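These notes are about the structure you will find just below.
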Amino acid sequence: MKKSKKLFALLLALAMCLCLMAGCSSGDSDADGQVSNAQEAENTDDVQNTDSDQEEEEGEDAEQVADLEPDADGYITITDMAGREVTFKANPTIWNSSPTAEGWLCAIVPDQIIGWAAEFDEEALAYYPESVRDLEVIGGNYGTSTANEENILSVSPDVIVNTFDCSESGLEATIASADEMAEQYGIPVICLSRDIEDTAENAANIGLWFGAAQRGYEVSVYLQGLLDMVTETAEAAAAAGDVPTFYYAEQTTGLFTEAVGSMHAAVFEFCGLTNCVGDDLTMSSMGGLEEVTLEQVIQWDPDYIFVWLTPAYQDITTSDAWSGITAVQNGDVYAIPLMPQNWFDRSPNSLRVLGCLYCASICYADYVTYDLTDTISEYFSYMYGVDLTADQLAAIYCD
């Protein structure tokens, strides 16, 4: 729970710093407009006083958070999550250069998005706000895809947003990549973090930076609350010595997977599960997809198997070749939800919060305190204003 307490301190600091004059008392804020770690130490004692104090505060109306004030020319300057100082027009139009931040943007500033990085079919678009469903696909820079520069310049976004590795080890490459993109298009580029633990901070910053600070703050508190439920569930299971192993079956054969530490396995690792590959597999690249043999999977004998693509799911659940594995024998083979985007990875988007809830509800069934279907329904209603139908819920579960 260390990370969630830290983030609660950050959010409280943001609220204190940016309160409306009619709300609570003011405090010092970062001049560069980022939700930062600077006030963590001074706020920690207050935040951690008692659980009852926190519950009382959460029961009250949300803190009133003000937007950043633009300069005389209508611009603001912020420090993004890679530590880069970025200046751009207040209340900007936004292009997300990969399908990573669109989930946050659709929930907080949907009317400022100028187009999709990747194409969604009508079924997937129905999970997002009605106001964004008719946006054109302008392309993006992700995986093996490269955006058409002419398309980007034709829609002329005020800022470009992308999700990067903002960890200490990846920071140098991230800064170089973002700076290169900004120079290529002549448009400011803002870095968000791809770390699941930074999900709520991403939301708070999107709201603060793009003129919807109140909504961003409230979404951040909501998302952190969901992640805290997962953490509490995983901790309860770990305390009971119940930490199962998993195998992530990728591609159509199911014989590609992820090494320990891969960003593509981040949902499983956030949930505290043990990757069955252990030290037998080394991450060869950021792209993951390490090829293995069925003999290796049989030897690893995972408790749970999560499958990316339908052909692999059908093969694993019906083929004699896989039938001796514990997960298969126990009926613990599960398809990863893909509506409206992959909940686990490719891309590492905001729906990974739901991926964590889904994964924990399966692997820690005896410890879960939330109803998964109700929580999913609430998520789409709160985030995107969409009341899911029975058919939409069934599509999520791949029924």
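A quick note: this is a predicted structure, and the numbers were derived from the prediction, not measured.
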More than 12 heavy atoms of other groups within 6.0 Å of Y75 OH: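 Atom OH in Y75 is not packed in, count stays at 12 or less.
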
Are any of the side-chain heavy atoms of [X] and [Y] separated by less than 4.5 Å?
X    : Y    : result
M339 : Q392 : no
F88  : V189 : no
R84  : D179 : yes

Establish whether L223 and L372 are linked, either directly or via other cluster members, by ILVMFWY side-chain heavy-atom contacts under 4.5 Å.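 Yes, same cluster.
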
Among the clusters formed by ILVMFWY side chains lying less than 4.5 Å apart, do L351 and V267 turn up in the same one?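 Shared cluster, yes.
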
Sort out for me which residue in W343, F268, Y247 forms a ring pair (Phe, Tyr, Trp, His ring centres under 6.0 Å) with F306.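 When W343, F268, Y247 are each tested with F306, the ring pair (Phe, Tyr, Trp, His ring centres under 6.0 Å) holds only for F268.
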
Using the side-chain hydrogen bond (donor to acceptor under 3.5 Å, both in side chains) rule, pick out the option among N275, D280, T257 that qualifies with W300.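 Of the listed options, the one satisfying the test is D280.
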
Contacts of type side chain to side chain contact (heavy atoms under 4.5 Å, CB included), residue M263, not counting sequence neighbours: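 With neighbours one apart ignored, the set is R194, M286.
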
Taking the ring of W116 and the ring of Y128, is the distance between their centroids below 6.0 Å?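 Yes: the rings meet the under 6.0 Å criterion.
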
Test of ring centre spacing under 6.0 Å for W308 and F344: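 No, ring centres 6.0 Å or more apart.
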
Approximate separation, where rounding is to 0.5 Å, of E250 CD and F256 CZ: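 Those atoms lie 9.5 Å apart.
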
Please report the C-alpha distance between R352 and E269 in whole Å, then the side-chain angles of each, then the deciding distance to 0.1 Å, and finally whether the salt bridge (Lys or Arg N to Asp or Glu O under 4.0 Å) criterion is met. CA-CA 12 Å; R352 291 185 300 172; E269 295 184 2; over 6 Å; no

Under 3.5 Å, side chain of Q296 to main-chain N/O of T293, donor-acceptor pair present?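 Yes: the side chain of Q296 pairs with the backbone of T293.
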
Under 3.5 Å: donor-acceptor pair, side chain of N162, backbone of C191: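 It does not hold such a pair.
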
Quick one: does NZ or CZ of R346 land under 6.0 Å from the six-membered ring centre of Y248, within 45 degrees of the ring axis?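 Here R346 fails the 6.0 Å and 45° test against Y248.
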
Given V307, I362, T317, I305, the one that forms side chain to side chain contact (heavy atoms under 4.5 Å, CB included) with Y334: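 Going through the options one by one, the only one that passes is I362.
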
